[in-house]
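First the proteins, then the strands, lettered A, B, ... as listed; each starts at 1. These values consider heavy atoms only, across backbone and side chains, with no hydrogens, waters or symmetry-generated copies.
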Number of protein chains: 2
Amino acid sequence: MTSTPPSTPSDYDPSRFPAFAVTVDIVILTMSSGALHVLLVRRGEAPFWGRWAVPGGFKRPSETLDEAARRELTEETGVDAASVLRQFGAYGDPGRDPRMNVVTIAYVAVLRDVGAIVAGSDAADASLIPVSAIRDGAVDLAFDHLRIVGDAIERVRLELDTTGIAAAFVGPTFTLAELRAVYEAVWGVQLDAANFRRSIVGRDEWVIPTGNRARPGTAGGRPAELYRAGRAWARGGPIHRTSNDRK
Amino acid sequence: MTSTPPSTPSDYDPSRFPAFAVTVDIVILTMSSGALHVLLVRRGEAPFWGRWAVPGGFKRPSETLDEAARRELTEETGVDAASVLRQFGAYGDPGRDPRMNVVTIAYVAVLRDVGAIVAGSDAADASLIPVSAIRDGAVDLAFDHLRIVGDAIERVRLELDTTGIAAAFVGPTFTLAELRAVYEAVWGVQLDAANFRRSIVGRDEWVIPTGNRARPGTAGGRPAELYRAGRAWARGGPIHRTSNDRK
DNA sequence: TAAGGTATACGTCAGAATGACCAGTACCCC
DNA sequence: GGGGTACTGGTCATTCTGACGTATACCTTA
């Protein structure tokens, strides 16, 4: 087998090559009460009966991978407007599905206000699970979904630095504290509120003041100003991890 | 079709779902005479006869995607030791292969000293093509390989900043000028040699002096010191793009 | 109604990092 | 031996970052 000539996609012979099922799995992330959560569905059949799994489904030949991901997201959560829906990996280990050869293309979606969405979902057994519970091994995931969720989170940790994905976690208007909570939850760090503010408000095009204020929480405190996201998020992020807290 | 219940990979019925061929394509990048090059093979049959294509081949059910990528890389280039072999995307647009449903998982490989390797390759029609020629539209690529190559380059541009991939482009010992050429070629910028040196030599664990010197080129100049790569490359890169030259 | 608590808003300061630039060194070619 | 070239090493001004202190505006409780 090692002496076969270089095979490009050119020398097909449809009868010669193994068939795979291709699925699209979607790791749906959102902020809920200050912590990062992932939406999982509980499996109702074998294999992995009763285990949690990432929602997903089969790709159809007539649609692109991105279209399949968006379709599955809509079917699972009832929304067609995720702030972010990005492909981040493909998984095709032999035996990852005990029944057949399956290669899955994994997407990460970022939602805001997902609480109401889950309630209206078709999937009765969908739940928001804190990612901390998954990291602690407190949740049994089906298939290789533990690895998929882990890779998704790692991807978001990176993109928080290099893209404007942070803005996708907050609503159309938000306070700087809400935005800061995204960075703190995803990176697992604590950021100085004053310095965080300076990095964002001090520069151009990151946030646009709305003139309104948020109502303080039950603990009190000065009410925070509400902002809208500016244009700059399309070209990167305002906050960068220093090499110190990379590890 | 929109009212189907949420379908997880669980509710399989192997007869119900469309079969795909799964291939692995490898964008092989290397530095050659100061410019970034990609290794392409010329197709000898329809469709896209005579066009350039990214080397690749079919995934086997008994191997992982990473194993398939490494096997194809070996078959195409004769080396089993790419400095970097990283998955970066999946492509499954309908009709991307006119003959059948194909989803390809794309990898980017970084080689050093690829010149000698290509000579010994099985693929007689393999060539190193400057990426500048591809960007200019001077090369006709088969299938959706133009998009795949473009995405691979964009990925490397990002990873140059966030990972130690730059060290994969140079040999086991290298001069700072060689390393600087990698950044300049991939990012399309010019870096001050003195500041570049300071960013790398001034900090710990990036490069280890060997005590030897490189022979200057025909143009003369002071001979450069030869270094080995240090431990720090495993955890990121020493050079960061400022937001100014992001666009 | 007043006092205490809390979180946001804003400014200051020292240290680190960056970009621009200049001078010295060591080799090549002519 | 002289000029050209590229690496080495340094200075300087600017910007960025982390740390921290203080004022502001709302909440809760007494």
Side-chain angles (χ1 to χ4, degrees), chain A residues 33-34 160-162 170 173-184 187 189-204 206-227 232 236-246, chain B residues 33-34 160-162 170 173-185 187 189-227 232 236-246:
Chain A
S33 53
L160 212 57
D161 200 317
T162 57
V170 297
T173 71
F174 54 89
T175 68
L176 292 183
E178 289 177 296
L179 190 61
R180 181 162 48 89
V182 174
Y183 286 90
E184 292 182 336
W187 281 345
V189 298
Q190 267 213 317
L191 300 177
D192 182 89
N195 293 337
F196 183 84
R197 175 188 182 76
R198 179 182 56 191
S199 299
I200 294 188
V201 178
R203 279 195 264 277
D204 260 358
W206 287 112
V207 290
I208 304 162
T210 64
N212 300 326
R213 296 171 196 277
R215 297 203 38 221
T218 62
R222 174 173 174 172
E225 191 155 1
L226 281 170
Y227 295 92
I239 307 292
H240 301 287
R241 266 193 300 188
T242 67
S243 48
N244 281 339
D245 44 34
R246 277 270 164 77
Chain B
S33 53
L160 212 57
D161 200 317
T162 57
V170 297
T173 71
F174 54 89
T175 67
L176 293 183
E178 288 177 296
L179 191 61
R180 181 162 48 89
V182 174
Y183 286 91
E184 292 183 334
W187 280 345
V189 297
Q190 267 213 317
L191 300 177
D192 182 89
N195 292 338
F196 183 83
R197 174 187 183 78
R198 180 183 55 192
S199 298
I200 294 188
V201 178
R203 279 194 265 276
D204 259 359
E205 303 289 344
W206 287 113
V207 291
I208 305 161
T210 63
N212 299 327
R213 296 173 196 277
R215 297 201 41 222
T218 61
R222 176 174 173 171
E225 187 152 10
L226 280 171
Y227 295 92
I239 307 292
H240 301 287
R241 264 193 302 186
T242 67
S243 48
N244 281 339
D245 44 35
R246 279 271 163 78

Engineer: Between the side-chain atoms of B/R198 and the base atoms of D/dG10, is any donor-acceptor pair under 3.5 Å?
Structural biologist: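 Result: no qualifying N/O pair found.
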Engineer: Looking only at heavy atoms, what is the nearest atom pair of A/P209 and A/E225, with distance?
Structural biologist: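 Taking every non-hydrogen atom into account, CB-OE2, 3.5 Å.
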Engineer: Mind telling me whether A/F196 and A/Y183 have parallel, tilted or perpendicular rings, with 30° and 60° as the class edges?
Structural biologist: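 Rings of A/Y183 and A/F196: perpendicular, as their planes differ by over 60°.
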Engineer: Side chain of B/A177 only, heavy atoms from C-beta on: which candidate in D/dT8, D/dC7, C/dC21 is closest?
Structural biologist: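 Side chain of B/A177 sits closest to D/dC7.
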Engineer: Toward the 5' end of DNA chain D, which comes first, A/D192 or B/L226, by nearest nucleotide?
Structural biologist: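 This one resolves to B/L226.
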Engineer: Rounded to the nearest Å, what distance is computed from the NE2 atom of residue B/H240 to the P atom of nucleotide D/dT17?
Structural biologist: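 Whole-Å distance recorded here is 12 Å.
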Engineer: Give the nucleotide from the list C/dT18, D/dT8, D/dG21 with an atom nearest to the side chain of B/R203.
Structural biologist: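 Looking only at side-chain atoms, B/R203 lies closest to C/dT18.
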Engineer: Rounded to the nearest Å, what distance is computed from the CG atom of residue B/D161 to the P atom of nucleotide C/dT18?
Structural biologist: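 Taking atom P of C/dT18 as the reference, CG of B/D161 is at 11 Å.
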Engineer: What is the distance, rounded to the nearest whole Å, between atom CG of B/L176 and atom P of D/dA6?
Structural biologist: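 That distance rounds to 16 Å.
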Engineer: Do any N or O atoms from the side chain of A/T210 and from the backbone of A/L226 form a donor-acceptor pair under 3.5 angstrom?
Structural biologist: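 It does hold such a pair.
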Engineer: Under 4.0 Å, heavy atoms only, any strand: does A/A193 hit a base, just the sugar-phosphate, or nothing?
Structural biologist: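 A/A193: no heavy atom of the nucleic acid under 4.0 Å.
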Engineer: Return the value, rounded to whole Å, for the distance between atom CZ of A/R222 and atom P of D/dC26.
Structural biologist: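 In whole Å, D/dC26 P and A/R222 CZ are 8 Å from each other.
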Engineer: Go nucleotide by nucleotide along DNA chain C from the 5' end; which of A/V201 and B/A219 gets its closest nucleotide reached first?
Structural biologist: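 Closer to the 5' end of DNA chain C: A/V201.
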Engineer: Could you check B/N195 against B/T175 and say which one's nearest nucleotide on DNA chain D is further toward the 5' end?
Structural biologist: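 Upstream on the strand: B/T175.
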Engineer: Looking at D/dG21, D/dC27, C/dC28, which one has an atom nearest to any side-chain atom of B/P216?
Structural biologist: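 It is C/dC28.
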Engineer: In whole angstrom, what separates A/Q190's CD from D/dA19's P?
Structural biologist: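 Those two atoms, CD and P, are 11 Å apart.
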Engineer: Using 0.5 Å steps for rounding, measure from the CG atom of B/L160 to the NE2 atom of B/H240.
Structural biologist: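 Reported to 0.5 Å precision, the distance equals 10.5 Å.
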Engineer: Any donor and acceptor pair, going by atom type alone, linking the side chain of B/E184 with main-chain N or O of B/L191 inside 3.5 Å?
Structural biologist: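 Between the backbone of B/L191 and the side chain of B/E184 there is a qualifying donor-acceptor contact (under 3.5 Å).
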Engineer: Take the protein atom CZ of B/F196 and the nucleotide atom P of C/dT18, then report the distance between them rounded to whole Å.
Structural biologist: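 For the pair B/F196 CZ and C/dT18 P, the rounded distance is 12 Å.
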Engineer: Please state how far atom CG in B/L179 lies from atom P in D/dA6, giving the value in whole angstrom units.
Structural biologist: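 One finds 18 Å between P of D/dA6 and CG of B/L179, rounded.
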Engineer: In whole angstrom, what separates B/R215's CZ from C/dC27's P?
Structural biologist: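 Answer to the nearest Å: 12 Å.
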